[in-house]
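All of these numbers come straight from a predicted model, not from anything done at the bench. Atoms considered below: every heavy atom in the structure, side chains included; atoms not considered: hydrogens, waters and symmetry mates. Whatever order the structure lists ligands and atoms in, that order sets their numbers, starting from 1.
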Amino acid sequence: MTMKQIGELVSESGDRYLPEIYHDETVYEREMDAIFGRCWQFVGHVSQIRERGDYFLSRMGEERVIVTRGNDGDVHVMLNMCRHRGHVLCRTERGNAKRFVCPFHAWTYSADGDLLNAPLAQELAPDMPKGDFGLVQVPRVDVYHGLIFASFDENAPPLIDELGDLAFYLEMFLGRRDVELEMIGGIQKWEVDANWKIGPDGMGGDFYHTPAAHASVFAANPALRDSINGMMNPQSARNIAFDGGHGFNMLFLPEGLPDDYYFPIEPRFLEVPEVRAYFTGIQAEARARLGPRRTSLKITTGTIFPNLSFSPGIFTLRLVLPKGPGRIENWCWVFGYSDMPPVVKAVMHQAYLSVFGPDGCLEADDAEAWTLVTDGTRSRQGRKVPLFAGLGADNRDQDPDLPGYHHHPMSEGVSRAFLRQWRKRMLEAGA
Ligand code: FES
Ligand SMILES: [Fe+2]
């Protein structure tokens, strides 16, 4: 595929694209290098590896990685591949290990990735340079408010630069308190027949689908409908995009309302007295850290390019991992604070499960839509037909206090930012 052909897959403004980007094998292969081989990607959370030797398995695109708290106390992200003959080194999803022993011929590595022992190598290959055969370290690792990101690109700009103006808003979710978030329960993982870009694009800023795709859920659940109504109104909500391809939908509340309007959780969960009491107790700290303007903003869902989505109202992160052009794995994390009473943590977890868990009410609709977009565009003729993401193209209005490109909440500004960044990355990777 030539650069010209790649450039023609998505228009410069991102308002038109060919569904080939969901199906073409060459495009997919290039994405593995140009996007998953270079971008910063979320791999997990520090609360999963508190102690030295703690580890968990994760993925960067299709690459299997082991994330450890090494003997040196640092976070290591390493390819989960033995350096002898390439066997998958570790298949236990998480745990604590002083060493990793390959099941094939028993090469043994430290939690930092050093090769400690290769049986019989002393006698049979005395000159073997052991130091050259440690696990492959992913060269760039950074931790942002407890979120571990990694990049295969040694020359990637610092993570904070890649987040750009989005970081100002991520504080509302990740920096409300002086206490770091911690994972509640395990990671939920399930597969869907969809291209990997559709979910992050949709969760980043496609509020436009909400009234149609979720109509039956809202008919059955008026409380949920009410909590979402304001998000569709241009007087009270916007769709905000950033140059890095990130974006979100955000509700603007007037200042001066009773405190509970600003709590960072969907209002229906405040019916549980312990939840209300907990968030009442931490509101002063949040206000002091965020200031009055940011305290009055609420993000529903957003995406950090390329494949991490966040839903602050249910304290959830979602990683979308590609498994070929037409299949994904969703991985979801739920968070809380260490000082939350168990009943509050249970409500947080339930809040996530009921909405975006594998059987969540909105998840069921979304997964079906993502599958039917993938399916609907798969045909030889269909995949060559330009599609439209141009809604709200002329509605940009910058707010001097709030960085980013502001759009009508039902616009496709975030989708276009996502597609533009995709195009830029795919072209940057060279011929
Ligand atoms: S492949 Fe791992 S020890 Fe041989
Ligand atoms: Fe949805």
Ranked by distance from atom 1 (S) of ligand 1, the top protein heavy atom is Arg85 N, 3.3 Å

Which of the atoms of ligand 1 are close to [X], meaning less than 4.0 Å from one of its heavy atoms?
{"X": "Phe104", "answer": "1 (S), 4 (Fe)"}
{"X": "Cys102", "answer": "1 (S), 2 (Fe), 3 (S)"}
{"X": "Trp107", "answer": "3 (S)"}
{"X": "Cys82", "answer": "1 (S), 2 (Fe), 3 (S)"}

Phe248: which of Phe207, Tyr169, Phe418 passes ring-ring contact (aromatic ring centres under 6.0 Å, His included):
Tyr169

Using 30° and 60° as the class limits, which term best fits the ring planes of Trp333 and Trp331: parallel, tilted or perpendicular?
tilted

Is His105 close enough to atom 2 (Fe) of ligand 1 that one of its N, O or S atoms comes in under 2.8 Å?
no

Quick check: does His87 put an N/O/S atom under 2.8 Å from atom 2 (Fe) of ligand 1?
no

Backbone, side chain, both or neither: what part of Ala106 comes under 4.0 angstrom of ligand 1, heavy atoms only?
backbone

Side chain Arg318, main chain Thr303, donor-acceptor under 3.5 Å
no

Charged N to carboxylate O under 4.0 angstrom, Lys323 versus Glu191?
yes

Will you find, in the side chains of Asp15 and Ser11, an N or O donor that is under 3.5 Å from an N or O acceptor?
yes

Is the charged tip of Arg177 near the ring of Tyr337: under 6.0 Å from the six-membered ring centre and within 45° of its axis?
yes

The Fe ion (ligand 2) - closest N/O/S atom in Asp366:
OD1

Identity of the N, O or S atom of His84 lying closest to atom 4 (Fe) of ligand 1
ND1

Would Tyr352 and Phe315 count as a close aromatic pair, with their ring centres under 6.0 Å?
no

